[in-house]
Amino acid sequence: MAYSLNQKIKDLEPYEPISGTYKIRLDANESPFSYTDEIKEKIAEAVKTIDYNRYPDPMAGELCGAFAEFYEIDKNLVTAANGSDELISIIETAFLMKGEKLLFIAPDFSMYKFYSSICEAECVQVNKNAELEITADEIIKAIKDSGAKCVIFSNPCNPTGQGLGREDVRKILSSVDALVVDDEAYMDFWNQSMIGETEKYDNLIVLRTASKAFGSAALRLGFAVANEKITKALKAVKSPYNVNSVSQKIGAIVYSEKDYFRKSLESIVYNRDLLYNGLRNCGCMCDDFKVYATVTNFVFIKTSMAFDIWKYLLSKSVAVRYMGEYLRISAGTDRETSVVVAEIESYLKKRE
Ligand code: PMP
């Protein structure tokens, strides 16, 4: 007798972020800012009230209420999850039947493709152009030509840093029957959200996360916003107690600290601009170093030296994300930004 793993999982490797410890971590698009002492104290008080012997609220009512109030939307249209990663997995598994097509617009967040293989959907890929852009019309055509039942894209996009404007997303939504999953993990850094328009469409799910602008990656909190019918289906298919009581409690505090998180967001955007401008100056030193425009909290760069620069930065205890002929660098603190820019400059100067 011998049990063997099935075809779709037998060669999978567990997800491993970069190993080792580095003084500066700019590889995961996290916020460089943790909570203030005042917020930490509020949290310490609040978690004292948790009944640890009881299961969490399955619908995370208080948390969804605080989230909805922050974005000024109807709390009944919000589904909370254990990170937006969980929602991507739930959506692809439940809203696609085996063999149905999912449209993936490359390059984009790799987990979309990964989960489609687990749920045995067929992933159809369409590529962005050399500038890493794609139009709404091209997306609509790709959905129609492929017969995709679902399209999922990050907007603005991880890793390119660029986004589709609201008008483009509206055009896609009203031109296709497919489910459109608009993953707005980085939309707090831009102003083209569809979060307030989910009731107008029967094929829209907007995803959000607390992991980026809200500096709460440790909590694992993600949210889906959709019309009533889709929300009911999402709540029915998620596992009942998917968000633990500690994250629910802390998340509710985080989303009610409006002033702090708005200020923190401004600082991240300010530092992102410092990073972008610093990297653009590096680009002036060398033709082989293209810096893409960004509306996110990171900057994407194309260079044939990507691997060597990545290794060099690691040797200086600075971690950024290496992706083939690209590097993706998250906005850090002022100091982290000046260190990473100075190290890249010094690398480029050394090779002159
Ligand atoms: N969507 C995008 C586009 C992301 O970049 C990420 C995280 N890197 C996620 C979703 C997952 O975020 P979470 O921490 O909420 O699972």
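Below, each value reflects all heavy atoms present in this structure, side chains not excepted, and no hydrogens, waters or symmetry copies. Along the sequence shown, residues are numbered consecutively beginning with 1. Atoms within a ligand are numbered from 1 in the order they appear, just like the ligands themselves. This structure is a prediction, so every number in the text was calculated from the model and none was measured.
For ligand 1, the atoms lying closer than 4.0 Å to a non-hydrogen atom of Thr209 are 13 (P), 14 (O), 15 (O). Numbered from 1 in the order shown, with element, the atoms of ligand 1 that lie under 4.0 Å from a heavy atom of Gly83 read 15 (O), 16 (O). Distances below 4.0 Å separate heavy atoms of Tyr186 from the following atoms of ligand 1: 3 (C), 4 (C), 5 (O), 8 (N). With ligand atoms numbered from 1 in the order given, ligand 1 contributes 3 (C) to contacts under 4.0 Å with heavy atoms of Ser154.
Tyr112 OH to Ile152 CD1: the interatomic distance, rounded to the nearest 0.5 Å, is 5.0 Å. Between the CD atom in Glu62 and the CD atom in Gln248 there is a gap of 8.0 Å [rounded to 0.5 Å].
Tyr255 and Phe67 have perpendicular rings, their planes meeting at more than 60° on a 0 to 90° scale where under 30° would count as parallel.
Using modelled atom types and a 3.5 Å distance limit, the side chains of Asn53 and Asp51 yield no donor-acceptor pair.
Counting only heavy atoms of the protein, atom 7 (C) of ligand 1 lies nearest to Lys212 NZ, 3.3 Å. Taking atom 1 (N) of ligand 1 as the reference point, the nearest protein heavy-atom neighbour is Asp183 OD2, 2.6 Å. Of the protein's heavy atoms, Phe109 CZ, 3.5 Å lies nearest to atom 6 (C) of ligand 1.
Assignment of Gly222 to the shell around ligand 1 is not supported, since no heavy atom sits closer than 4.0 Å. Heavy-atom distances between Met111 and ligand 1 stay at or above 4.0 Å for every pair.
Ring centers of Tyr35 and Tyr260: at least 6.0 Å apart, outside the cut-off. Aromatic rings of Phe214 and Phe70 (six-membered ring for Trp) have centroids within the 6.0 Å cut-off, being under it.
Only side-chain heavy atoms of Ser211 come within less than 4.0 Å of ligand 1; its backbone N, CA, C and O stay farther off. Under 4.0 Å from ligand 1, not a single heavy atom of Glu86 appears. Residue contacts with ligand 1 for Arg220 involve side-chain atoms from C-beta outward but no N, CA, C or O (heavy atoms, distance under 4.0 Å).
By the rule that hydrophobic residues join a cluster once side-chain heavy atoms approach within less than 4.5 Å of another member, Trp190 and Val225 end up as members of separate clusters.
Looking at every heavy atom in both residues, Ser211 comes nearest to Arg220 through OG-NH1, 3.6 Å.
Checked for salt-bridge contact, Glu138 and Lys128 miss the test: no charged N lies under 4.0 Å from a carboxylate O.
Geometrically, ligand 1 and Ser84 share a nitrogen or oxygen pair separated by less than 3.5 Å.
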